[in-house]
Undergrad: 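Got a structure for you, written out below as structure tokens; questions coming shortly.
Chain letters run A, B, ... following the sequence lines, proteins first, then strands; residues in each count from 1. Being a predicted model, the structure only gives us computed values, none of them experimental.
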2 protein chains.
Amino acid sequence: MDVTMKDVAKLAGVSLSTVSRVLNDSSLVREETARKVQKAVEKLDYQINDSARILRTNTSNLIGVIGAGMERPFLANLLKGIEAEARERGYALIYGDSDGEFEKEQNYLNIMKQKKIDGIILITTNYYNDLLSIVKNYQIPVVFASGYISDPDISCVTVDNVAAAYDIVEFLCQAGHKDIAFIKGPDLDLLASQERLRGVKLALRLSNIKYNPNRFIEGDFTFESGYSAAKKIINKFPDVTAIFAFNDEMAVGAIRYLKEQNIKVPEDISVVGFDGIELGKYTDPALTTIKQSGYQLGLKSIEMLNKIINKEKIEDNKVFIPHKLVVRESTNKLNELTTKKEVVTNNRG
Amino acid sequence: MDVTMKDVAKLAGVSLSTVSRVLNDSSLVREETARKVQKAVEKLDYQINDSARILRTNTSNLIGVIGAGMERPFLANLLKGIEAEARERGYALIYGDSDGEFEKEQNYLNIMKQKKIDGIILITTNYYNDLLSIVKNYQIPVVFASGYISDPDISCVTVDNVAAAYDIVEFLCQAGHKDIAFIKGPDLDLLASQERLRGVKLALRLSNIKYNPNRFIEGDFTFESGYSAAKKIINKFPDVTAIFAFNDEMAVGAIRYLKEQNIKVPEDISVVGFDGIELGKYTDPALTTIKQSGYQLGLKSIEMLNKIINKEKIEDNKVFIPHKLVVRESTNKLNELTTKKEVVTNNRG
DNA sequence: GAAAGTGATGAAATGGTTTTCAGGGTTATG
DNA sequence: CATAACCCTGAAAACCATTTCATCACTTTC
């Protein structure tokens with residue numbers, strides 16, 4: 001029914017082998033013969049049967065992506081970066097969302113293995129340890145995106161969460177804030193969230209502020225959870241002067257709650273986020289945050305994975321993408337009387 | 001190297017055919033034999049070689065998704081819905097972002113055809129016409145998600161953009177607004193954006209407001225484009241009392257600009273968006289918008305595609321998902337003096 | 001001018017499943 | 001007891017590309 005190499009061979013008056021050679025590496029074939037074959041290919045609009053090729057060669061040019069919560073803007077951009085770089089390098093993407101459930105992750109892993117993927121990018125953070133042992137067992141090249149894993153065998157590409165969290169907390173402390181509350185990620189999130197926690201602790205210690213675990217309210221990276229976390233914070237700790245939300249969406253949710261309570265941001269309370277998603281430039285007040293590029297993260301992940309697949313030498317299998325503290329309008333020095341309006345323009349860069 | 005059916009057959013002491021039968025439809029096999037086979041499968045941790053199966057059967061349980069701009073929250077949720085329902089029905093997803101470029105779309109189409117995808121979901125809006133002629137030619141089951149196409153052969157799942165745009169413009173008109181400006185989508189967007197335009201015109205006519213094409217500023221669905229569109233609007237039409245942005249992000253961008261100019265929303269200018277993304281509940285002011293569920297859209301698209309693949313009878317191949325006008329804080333009746341604070345709470349549902 | 005080397009091509013084996021067809025064994029039917 | 005009917009299983013063909021090995025026709029080299 002479909003056009004096969006056999007048809008091409010017949011039309012071109014050559015053997016199957018010759019057609020295959022032309023399609024893969026014409027250098028072995030006489031130029032004239034190659035031309036004949038090319039012509040036949042075009043005439044018949046021949047398309048290779050990928051399954052047959054994979055069956056024979058055992059490589060698929062397919063990369064699996066398993067993620068969770070990919071609708072979050074930061075991760076959506078990460079996926080975009082992955083896609084762009086994968087396409088660039090001739091890979092197609094097979095994509096699965098695990099919702100953070102181990103069973104689904106396992107399930108996708110099986111499907112992907114059956115499809116003979118060349119490599120896999122993992123973006124999940126909950127059961128990564130169990131997952132990794134499977135992947136290692138399967139011997140599939142793997143890159144962990146957006147999370148640092150100490151296992152020396154595993155390649156990671158991520159922002160330096162410890163340093164970044166440190167930077168922004170230090171920024172708050174230097175602005176005079178001592179009573180800081182935190183909206184952290186889900187306790188199940190064993191990677192980014194835990195790392196950021198470490199960075200926070202470090203910054204607090206160096207600023208001689210006592211670490212108080214009660215001041216860490218758990219969120220789940222959604223606007224809504226930021227909103228309700230802020231509520232808890234205000235009720236339990238009416239004296240806080242700053243809130244650090246572990247991502248931008250939660251920061252925005254928190255700001256919304258504060259405003260509803262007629263608490264002014266940043267005059268009464270400073271709020272900072274994490275990720276630097278586009279939105280943060282357009283909220284009122286615009287968000288002070290740590291900026292990292294999801295897109296870059298995606299690019300680098302595929303770059304790394306590609307090296308592993310091709311067995312190229314890798315200088316360092318833990319890669320940190322740059323991050324930057326971006327100060328906008330949602331933070332104030334403590335006791336300083338800058339009004340919002342004075343800084344309202346020109347801060348969208 | 002890998003475990004094959006042959007190994008299973010040998011261990012179970014049966015033939016290849018029997019193993020295959022057990023794996024696909026045990027009903028033909030004696031229960032005792034089936035058990036033996038199952039045991040061998042588990043013992044060897046046998047995984048089917050999907051390429052071999054596809055080669056033989058010509059069906060892949062693979063669905064292709066070609067989209068553009070999928071990092072937009074609404075579309076990210078659409079993808080999430082597609083993924084969830086596809087998984088539910090036993091399909092895996094192969095995903096490609098076209099950036100709205102025809103060449104990339106074509107390229108992905110070829111790759112997907114070579115992988116023998118069972119069906120395809122298209123979410124691109126620019127060159128859909130050229131794309132469709134290829135898909136039709138390839139005879140691949142296809143569903144168009146988030147855009148209405150009149151071609152009777154093509155299944156579409158979308159919000160009723162005409163009606164929705166009509167609803168929200170009518171809402172503005174009934175609130176007394178006569179000087180309305182619009183931030184439309186890119187002119188290249190031949191689907192959703194054009195449909196919404198039709199709805200707008202209809203509502204204007206029925207409210208006896210003259211249609212003025214100059215009042216439609218082109219955006220590209222980003223925050224930034226909403227911001228700069230608002231700038232143009234304010235400069236060119238200082239007398240507008242309402243702005244309808246064709247998606248929520250542009251509305252948020254516009255609001256940001258207005259605030260920077262000390263133009264109060266909604267007291268001076270009402271702003272409405274479209275899509276009803278989560279963010280709209282948390283901005284200040286919270287966004288009046290048309291709410292549609294990207295997730296639902298995804299579910300329905302796969303549902304429809306599945307029917308086409310299975311050659312089930314389809315009652316109607318144009319499906320509209322529900323939409324709803326959600327009035328929050330960014331709109332005011334003209335000349336009415338409601339202050340923002342009175343409505344600030346309880347509007348987050 | 002014979003032996004060795006080179007270059008281009010084809011034949012055939014191979015990868016791992018599914019599926020058709022046929023056959024063997026058992027039970028029912030007359 | 002012969003035949004039919006049925007159930008279960010196995011052998012082998014088919015799906016389509018890649019790759020090894022062999023062949024054949026020329027050159028080159030001594």
Undergrad: Whole angstroms only, please: what is the CD1-C1' distance between B:Ile54 and D:dA14?
TA: 17 Å
Undergrad: Under a 4.5 Å cut-off applied to non-hydrogen side-chain atoms, are A:Met112 and A:Ile66 in contact?
TA: yes
Undergrad: Take the protein atom NZ of B:Lys6 and the nucleotide atom C1' of C:dT14, then report the distance between them rounded to whole Å.
TA: 10 Å
Undergrad: Any donor-acceptor pair, under 3.5 Å, between the side chain of B:Ser17 and the base of D:dA11, if you only look at N and O atoms?
TA: yes
Undergrad: Using a heavy-atom cut-off of under 4.0 Å over every strand shown, decide if A:Val19 touches base, sugar-phosphate, or nothing.
TA: nothing
Undergrad: Assign B:Asn24 to base, sugar-phosphate, or nothing according to its heavy-atom contacts below 4.0 angstrom with the strands shown.
TA: sugar-phosphate
Undergrad: Relative to the 5' end of DNA chain C, which residue comes earlier, B:Thr18 or B:Leu55, by the nucleotide with the nearest heavy atom?
TA: B:Leu55
Undergrad: Quick check on D:dC16: is either OP1 or OP2 less than 4.0 Å from any side-chain nitrogen or oxygen of A:Tyr46?
TA: no
Undergrad: Decide, yes or no, whether a salt bridge links A:Lys80 with B:Asp99 under the criterion of side-chain N to carboxylate O below 4.0 Å.
TA: yes
Undergrad: Could you state the atom-to-atom distance from CG of A:Leu44 to C1' of D:dA17 in whole Å?
TA: 16 Å
Undergrad: Nearest-Å distance, CG (B:Asn58) to P (D:dC16)?
TA: 7 Å
Undergrad: Base, sugar-phosphate alone, or nothing: which one does B:Ile48 contact when heavy atoms must sit under 4.0 Å apart?
TA: sugar-phosphate
Undergrad: Is a side-chain N or O of A:Asn24 found less than 3.5 angstrom from the main chain of A:Ser20, in a donor-acceptor match?
TA: yes
Undergrad: Quick check against the 3.5 Å criterion: does B:Ser60 have a side-chain atom that pairs as donor or acceptor with the backbone of B:Ile54?
TA: no
Undergrad: What integer distance in Å separates B:Leu23:CG from C:dT19:P?
TA: 13 Å
Undergrad: Could you work out which one of D:dA17, C:dG10, C:dT17 sits closest to the side chain of A:Arg53?
TA: D:dA17
Undergrad: Do the non-hydrogen side-chain atoms of A:Leu190 and A:Tyr127 ever get within less than 4.5 Å of each other?
TA: no
Undergrad: OP1 or OP2 of C:dG7 versus the side-chain N and O atoms of A:Arg30: is any pair under 4.0 Å?
TA: no
Undergrad: Could you give the NZ-to-P distance, from A:Lys115 to C:dG16, as a whole number of Å?
TA: 17 Å
Undergrad: Where the side chain of A:Asn49 is concerned, which of D:dT9, D:dA17, C:dG10 is the nearest nucleotide?
TA: D:dA17
Undergrad: Can you tell me the distance, in whole Å, between the CD atom of A:Gln47 and the P atom of D:dC16?
TA: 14 Å
Undergrad: Between the base of C:dG10 and the side chain of A:Arg21, is there a donor and acceptor pair under 3.5 angstrom?
TA: yes
Undergrad: When we call it a touch if two heavy atoms are under 4.0 Å apart, what does B:Thr4 touch: a base, just sugar-phosphate, or nothing?
TA: sugar-phosphate
Undergrad: Rounded to whole angstrom units, what separation is found between the NZ atom of A:Lys10 and the P atom of D:dA17?
TA: 14 Å
Undergrad: So which nucleotide from D:dT9, D:dA17, C:dG16 ends up closest to the side chain of B:Val29?
TA: D:dT9
Undergrad: For C:dA8, does the base pair up with any side-chain atom of A:Thr33 as donor and acceptor (N or O, under 3.5 Å, distance only)?
TA: no
Undergrad: Just compare C:dG10, C:dT19, C:dT17 and give me whichever is closest to any side-chain atom of B:Leu16.
TA: C:dT17
Undergrad: Is the shortest side-chain N to carboxylate O distance from A:Asp7 to A:Lys10 below 4.0 Å?
TA: no
